[in-house]
Amino acid sequence: MKKRLETLLRTALERLQAAGEIPTTAEALVQIERTRDPAHGDFAANTAMLLAKPARCNPRQLAEKICSALPDDSAVIRTEIAGPGFINFFIDPAAQYRVIAEIQAQGPGFGRSKAGAGQRVQVEFVSANPTGPLHVGHGRGAAYGAVVADLLEAVGFDVHREYYVNDAGRQMDILAASVWLRYLENCGEVLPFPSNGYRGEYVRDVAADLHRAQGERYRIAANEVLADLPPDEPEGGDKEEYIDAMVRKAKDALGSERYRKVFAAGLDSILDDIRDDLGEFGTHYQEWFSELSLTEAGAVERGLEKLKASGYVYEKDGAQWFASTRLGDEKDRVLVRENGQTTYFASDVAYHLNKLERGFDRIVNIWGADHHGYIPRVKAAIQALGGDADKLEVLLVQFAVLYRGEERVQMSTRSGEFVTLRQLRNEVGKDAARFFYVMRKSDQHMDFDLKLATSRTNENPVYYVQYAHARVCSVFRQLDEKGWARDLGRGMQQLERLNETHELALVGTLSRYPEIVELAALQYAPHHLVHYLRDLAAEFHGYYNSCQFLVDDGDLRDARLNLIDAVRQIIANGLGLLGVSAPETM
RNA sequence: GCGCUUGUAGCUCAGCCGGAUAGAGCAUCGGCCUUCUAAGCCGAGGGUCGCAGGUUCGAGUCCUGCCAGGCGCGCCA
């Protein structure tokens, strides 16, 4: 309907332009918006006020001219000029009711569109280091990324969901060393655990599994392990130096073959856990992209070569630098360290080169907000590689600050004292967790009060929306119990019987759904959908309390049933996009 | 210090690339179950949209400055 009105308006403006009444630069000014107040009609246009100045004409007079130039349309009952120069459109209810039949006909497909048809978009999200289980901070990225991806798909994009697995680098070596040391404990060796090692219980589990499966194959005597190591922090040493020395010791003592096995034991086990965890959270990927595979395929080298060829690489202090400042970054970035090792950023250059080469029309990265300083250098790299930096969209997700009542919960992967996503799901359930995570703007800080979210009977809004769905289902069950049959066709014929305020409002809200989906998708803003669903549920609950649906008048009854069935369908569709279930009973 | 970001009701937050009288939930107070699920509904109170300027027909929304909070500023990942 909105688009239909825009077409009318555009035609009117073209007619006026042809008649020389207004300047010819008015094309972009066609904007139709929904009114907040029904007294202002159903839709309004502010075009006359925007055009008043360039047309050198009083806005209300101009509005008159536009109105008289509007083509006839059966759906528009009348227009009026209001306020400073708004053009208000009043829509024939019969045209509005049509949405109910459309919802009926399209079912789960209603609300989908083709806005992004023909475009391939990659959405990379979570991508947490596989050094431990996902915690509640990752949960927000998982929920947000999954919904953004689903929304994009709903509006026609070809979506590729990807998890970048940081399975190379120092942190993974530290994990491997941690697993090994716990394994040695299983073997009966007595040795101190590094203060900078991964202390989580899951490391012990991996080690125990390794010991069960492989016996003593990786056992080295404690005195040999501890020989020639610098002091750890408790002994007045440096914990970083100590852990690095320990990693080297593990590699030397085990040899590359056995070290790789221990390394893989940790990586595989944790990655499996992450995969299961996300799967149970309703988050699925087309691809798990390994950082290690880039290194092994020589892609990092190739990325460096390509950057060099672009002329943005120079040498200083024995290191190789990327001159990202020339492309808008704050400072230049090291690609290859003085010691010859490439940086994490060099891997990321290779990864983004890979993304470019895969030919996505749009590349969406969902990162924790603490990475925001990282954006300029990646965009700079893309530009230097000859890509279009505007193709890359980085969406930041603020970490949720976790509370237990008044008390703030500290999180640290290293210390092992964190609340995992799995724990959260077990406590509040997938539905509440999903809904809770995406109901706020993603780049906004979020206080996640476990006490509040875990109180099932409390004010968690997910139940409010689900309850509306269950109530509709309940009405249909009641219909059966009364032995009444629903006549769908008769209901559609009788829609004009829906004259109650609540009914007219509901029809209007239902017709907004496709716009909301498109808005939420194109702005990467699932919270719009959440708020819409709450509004829809609220209108329904109000309707439920003010009108009886199962009335003796069969015409009216069927009309109302068609309306609430449409409400049910939209709630189911919307919750589906959020990854939240729509229960038939509660 | 520099960069990014946030500031809206007692609390948690919406406010759809500038629109008509700034909204919701929770909390508080008062009502509604012999009729389709009370996880619900109806009503009331509660606001200097951080502060000060500016842009224009019109500003919570855009610009500048200031105040306050958060994050980021490694040859870490």
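Chain A is the first sequence line, chain B the second, and so forth, proteins listed ahead of strands; every chain is numbered from 1.
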- Query: Starting at CZ of Phe540(A) and ending at P of C42(B), how long is that distance when rounded to a whole Å?
  - Reply: 13 Å
- Rounded to the nearest Å, what distance is computed from the NE2 atom of residue His371(A) to the C1' atom of nucleotide G74(B)? 14 Å
- Nucleotide A77(B), atom P - distance to CD of Gln341(A) in whole Å: 8 Å
- Check salt bridge (charged side-chain N to carboxylate O under 4.0 Å, His left out) between Asp329(A) and all other residues, then give those that pass, not counting sequence neighbours. Arg333(A)
- Task: Give the rounded distance in Å between these two atoms: CZ of Arg170(A) and C1' of C75(B).
- Result: 13 Å
- Message: If the cut-off is 4.0 Å, is His527(A) near the phosphate of G15(B), judged by side-chain N/O to OP1 or OP2?
- Response: yes
- Query: What integer number of Å spans the C1' atoms of U28(B) and G15(B)?
  - Reply: 25 Å
- Base, sugar-phosphate alone, or nothing: which one does Phe345(A) contact when heavy atoms must sit under 4.0 Å apart? nothing
- Is there a donor on the side chain of Asp173(A) or the base of A77(B) sitting less than 3.5 Å from an acceptor on the other? no
- Item | Side chain proximity check, Ser581(A) to Gln466(A), heavy atoms < 4.5 angstrom | yes
- Would you indicate what Asp317(A) reaches in the nucleic acid, counting non-hydrogen atoms under 4.0 angstrom: base, sugar-phosphate, or nothing? base
- Look at the side chain of His372(A) and the base of G3(B), then say whether one donor and one acceptor between them are separated by less than 3.5 Å. yes
- Task: Answer with yes or no after comparing the ring centroid distance for Tyr144(A) and Tyr437(A) against a 6.0 Å cut-off, counting only values under it.
- Result: no
- Message: Would you say Lys331(A) places a side-chain N or O within less than 4.0 Å of OP1 or OP2 belonging to C2(B)?
- Response: no
- Would you mind telling me which of C75(B), A20(B), U12(B) lies closest to the side-chain atoms of Ala319(A)? C75(B)
N/O to N/O distances under 3.5 Å, protein versus nucleotides 36-38 of chain B:
from, atom 1, to, atom 2, distance (Å)
C36(B), O2, Phe549(A), N, 3.4
C36(B), O2, Leu550(A), N, 3.3
C36(B), N3, Phe549(A), N, 3.1
C36(B), N4, Tyr544(A), O, 2.4
C36(B), N4, Cys547(A), O, 2.4
U37(B), OP1, Ser474(A), OG, 2.2
U37(B), OP2, Ser474(A), OG, 2.9
U37(B), O5', Tyr544(A), OH, 3.3
U37(B), O2', Tyr467(A), OH, 2.0
U37(B), O2', Arg471(A), NE, 3.2
U37(B), N3, Met586(A), O, 3.4
U37(B), O4, Met586(A), N, 3.0
A38(B), OP2, Arg471(A), NH2, 2.5

- Query: Please give, in whole Å, the distance from A20(B) C1' to Phe89(A) CZ?
  - Reply: 16 Å
- Message: Applying a 4.0 Å non-hydrogen cut-off, can you work out what Ala44(A) is touching in the nucleic acid: base, sugar-phosphate, or nothing?
- Response: base
- Counting Watson-Crick and G-U wobble pairs whose two distances are both under 3.5 Å, find the runs of 3 or more in a row that involve RNA chain B. B:1-7 with B:67-73, B:10-13 with B:23-26, B:28-32 with B:40-44, B:50-54 with B:62-66
- Query: Touch check for Asp37(A), heavy atoms < 4.0 angstrom, all strands: base, sugar-phosphate only, or nothing?
  - Reply: base
- Note on the structure: With the side chain defined as heavy atoms from C-beta on, Ala82(A) is closest, among A20(B), G19(B), C73(B), to A20(B)
- Item | All side-chain contact (heavy atoms from CB on, under 4.5 Å) counterparts of Ser474(A), not counting sequence neighbours | Arg477(A)
- Item | Within the 6.0 Å centroid threshold, strictly below: Phe125(A) and Tyr163(A) | no
- Hey, does Arg34(A) reach any base, or is it just sugar-phosphate, or nothing, if we go heavy atoms under 4.0 Å? nothing
- Task: Pick the C1' atom in C32(B) and in C13(B), then give their distance to the nearest Å.
- Result: 29 Å
- A59(B) versus C16(B) - spacing of their P atoms, nearest Å: 16 Å
- Message: Please pick, from A14(B), C73(B), A20(B), the nucleotide with the shortest atom-to-atom distance to any side-chain atom of Arg36(A).
- Response: A20(B)
- Message: With a 6.0 Å cut-off on the ring centroids, do His541(A) and Tyr467(A) count as close?
- Response: yes
- Pairing residues for Arg486(A) by the side-chain hydrogen bond (donor to acceptor under 3.5 Å, both in side chains) criterion, not counting sequence neighbours: Asn562(A), Asp565(A)
- Query: Which value, in whole Å, describes the distance between the C1' atoms of nucleotides A20(B) and U37(B)?
  - Reply: 40 Å
- Specify the separation, in whole Å, of atom CG of Asp332(A) and atom C1' of C73(B). 14 Å
- Quick one: side-chain contact (heavy atoms from CB on, under 4.5 Å) partners of Arg326(A), sequence neighbours excluded? Tyr312(A), Ala323(A)
- Query: Between Tyr314(A) and Asp332(A), is a side chain to side chain donor-acceptor pair (under 3.5 Å) present by the stated rule, with each step listed?
  - Reply: CA-CA 10 Å; Tyr314(A) 63 92; Asp332(A) 291 347; 2.6 Å; yes
- Ignoring the backbone of Asp370(A), work out which of G40(B), A14(B), C71(B) is nearest its side chain. C71(B)
- Query: Are Asp42(A) and Phe89(A) side-chain neighbours, meaning at least one heavy-atom pair lies under 4.5 Å?
  - Reply: no
- Message: Classify His528(A) by what it touches in the nucleic acid, base, sugar-phosphate, or nothing, heavy-atom distance under 4.0 Å.
- Response: sugar-phosphate
- Atom CZ of Phe436(A) and atom P of G25(B) are separated, to the nearest Å, by 16 Å
- Query: Mind checking whether Phe476(A) and Ile564(A) have side chains closer than 4.5 Å, heavy atoms only?
  - Reply: yes
- Query: Which part of the nucleic acid does Asp167(A) contact within heavy-atom distance under 4.0 Å: base, sugar-phosphate only, or nothing?
  - Reply: nothing
- Please state the C1' separation for the pair A9(B) and A52(B) - nearest whole angstrom. 23 Å
- Query: For G74(B), does either OP1 or OP2 sit under 4.0 Å from a side-chain N or O belonging to Arg337(A)?
  - Reply: no
- Given C75(B), G72(B), A20(B), which nucleotide is nearest the side-chain atoms of Phe86(A)? A20(B)
- Message: Can you identify which nucleotide, out of G19(B), A20(B), G74(B), has its nearest atom closest to the Glu33(A) side chain?
- Response: G19(B)
- Classify the angle between the aromatic ring planes of Phe345(A) and Tyr374(A) as parallel (below 30°), tilted (30 to 60°) or perpendicular (above 60°). perpendicular
